Amino acid sequence: MSSTRLSSAAAASAFATTVVSHDTLPTSSRPRTGKAWVDPATLPHHDHESYIAGNTPDYVKQLNYNTFMNYGVGEEDCFGYKVGKAVRFTEVSVNRKLERQGRLEATTVAEIEVTKQMLNGAGMLHGGCVAYLIDNCCSTPLVVLGLVQNVNGVGVTQSMNVLFHAPAPRGTCLQIVSTSIALGGRVMSSRCEILDKDTGRMVASAFLSKMQPAPSKL
């Protein structure tokens, strides 16, 4: 299947007319699903330590990272905090897919180096750590697409199908490429590939399904 991408400038202008900063939206215009809606614009700010490329507006990149840190990683005493904190996003983009009747597709690219605390007893990247990275990173294109389309792209994970392809020893630079598949009113999905950045070898791949929880279930 061919994948047609517009240039960064053309892609940005293609959907720029539908993008409005949350800072300028009145409260009544912000997307929400009852009390279950997590508004990225209301989450605490987190500084990203490096430049993030891609054709999305800066506010989308920032609110996506705020959501990643607050909703996915959490505070210092939360599970996997040091691993999640070490993730660095390198690109956040949205493109129109001509083969899908012009529907928007969001892609995020992140990187992290495999450290000792991410290893199993055999000295390789732990499968549980892979699942943690996928759960958090594969959620981000849905957040981005929600911000661009002014709908709720934040939900909770319903299911995750992970395939492990190759081990990754300490020192491996992982590149995590996540892409939106579908963003519905209640259910949404995305896919993810974790690569050895230096060799291009596939370490793991996954499909993620998320849903909007009922307010009573939070």
Side-chain angles (χ1 to χ4, degrees), residues 1-12 48-56 60-61 64-65 68-69 72-73 80 82-100 103-145 157 159-182 188-210:
M1 179 182 295
S2 64
S3 177
T4 304
R5 280 196 171 191
L6 304 176
S7 68
S8 294
H48 193 274
E49 295 182 2
S50 57
Y51 171 75
I52 303 175
N55 62 12
T56 56
V60 170
K61 297 173 184 177
N64 174 63
Y65 187 62
F68 174 84
M69 287 300 301
V73 178
K82 289 184 178 180
V83 174
K85 186 71 167 57
V87 171
R88 290 289 173 266
F89 288 89
T90 60
E91 180 182 349
V92 175
S93 294
V94 174
N95 293 283
R96 289 196 182 277
K97 308 301 291 183
L98 301 183
E99 65 270 32
R100 296 185 61 195
R103 290 181 176 270
L104 294 178
E105 178 183 272
T107 299
T108 66
V109 182
E111 295 180 1
I112 185 173
E113 181 179 331
V114 177
T115 59
K116 184 176 181 181
Q117 63 187 6
M118 298 166 65
L119 304 180
N120 58 23
M124 298 296 169
L125 177 64
H126 196 293
C129 187
V130 171
Y132 171 79
L133 289 170
I134 290 172
D135 190 21
N136 285 342
C137 292
C138 202
S139 299
T140 58
L142 299 172
V143 174
V144 170
L145 196 57
T157 300
S159 64
M160 183 165 51
N161 183 10
V162 183
L163 293 177
F164 298 95
H165 301 281
R170 183 177 181 179
T172 302
C173 181
L174 301 177
Q175 184 179 66
I176 308 168
V177 182
S178 305
T179 307
S180 63
I181 298 175
M188 46 191 151
S189 57
S190 55
R191 63 183 183 272
C192 181
E193 293 182 344
I194 299 183
L195 308 168
D196 181 328
K197 183 182 178 181
D198 296 327
T199 66
R201 180 179 59 176
M202 184 78 67
V203 174
S205 60
F207 286 93
L208 183 73
S209 177
K210 299 177 76 73

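Here the structure is a predicted model, which is why all the values come from computation and not from measurement.
- Rounding to the nearest 0.5 Å places NZ of K61 at 13.5 Å from OG1 of T140.
- With I194 as the fixed residue, the side chain to side chain contact (heavy atoms under 4.5 Å, CB included) test singles out one of V162, V130, V177: V130.
- Between R88 and Y65, some side-chain heavy-atom pair lies under the 4.5 Å cut-off.
- Put simply, the side chain of T107 does not reach to within 4.5 Å of the side chain of E91, judged on heavy atoms.
- More than 12 heavy atoms of other residues, nucleotides or ligands shown are found within 6.0 angstrom of CZ on R201.
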Q.
Between T172 and T199, is the side-chain contact (heavy atoms from CB on, under 4.5 Å) condition met? List the steps.
A. CA-CA 10 Å; T172 302; T199 66; over 6 Å; no
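- N64 places no side-chain N or O within 3.5 Å of a backbone atom of P141 that could act as its donor or acceptor partner.
- To the nearest 0.5 Å, atom CD of residue Q175 and atom CG of residue D198 are 10.0 Å apart.
- When all heavy atoms are compared, the tightest approach of A106 to V94 is CB-CG2, 4.0 Å.
- The shortest distance between side-chain heavy atoms of V73 and Y132 falls below 4.5 Å.
- Here the side chains of S205 and L163 are in contact, with some heavy-atom distance below 4.5 Å.
- Residues meeting the salt bridge (Lys or Arg N to Asp or Glu O under 4.0 Å) test with E193, sequence neighbours left out: none.
- Closest of all the heavy-atom pairs between C129 and V83 is SG-CG1, 4.0 Å.
- When all heavy atoms of A166 and M202 are compared, the pair lying nearest together is CB-O, 3.5 Å.
- The number of heavy-atom neighbours closer than 6.0 Å to CZ of F164, taken from other residues, nucleotides and ligands shown, is above 12.
- Between the CG atom in L208 and the CG atom in D135 there is a gap of 6.0 Å [rounded to 0.5 Å].
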Q: Go through the steps to decide whether S178 and C137 satisfy the test side-chain contact (heavy atoms from CB on, under 4.5 Å), and finish with yes or no.
A: CA-CA 7 Å; S178 305; C137 292; 4.0 Å; yes
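- If you take CD1 on I134 and CG on N161, they are separated by 9.5 Å, rounding to the nearest 0.5 Å.
- Among residues at least two apart or in separate chains, there is no side-chain hydrogen bond (donor to acceptor under 3.5 Å, both in side chains) pair with a member in residues 114-129.
- In this structure, the separation between CD1 on I181 and CZ on R191 is 5.5 Å, given to the nearest 0.5 Å.
- Of all heavy-atom pairs between V114 and A168, the closest is CG1-O, 4.2 Å.
- K210 has its side chain within reach of M188: a pair of non-hydrogen atoms, C-beta onward, lies under 4.5 Å apart.
- Considering every non-hydrogen atom in both G200 and L195, the closest pair reads O-CD2, 4.1 Å.
- The distance from the CZ atom of R170 to the CD atom of E113 is 9.0 Å, given to the nearest 0.5 Å.
- Counting only heavy atoms from C-beta outward, the side chains of L174 and V203 approach each other to under 4.5 Å.
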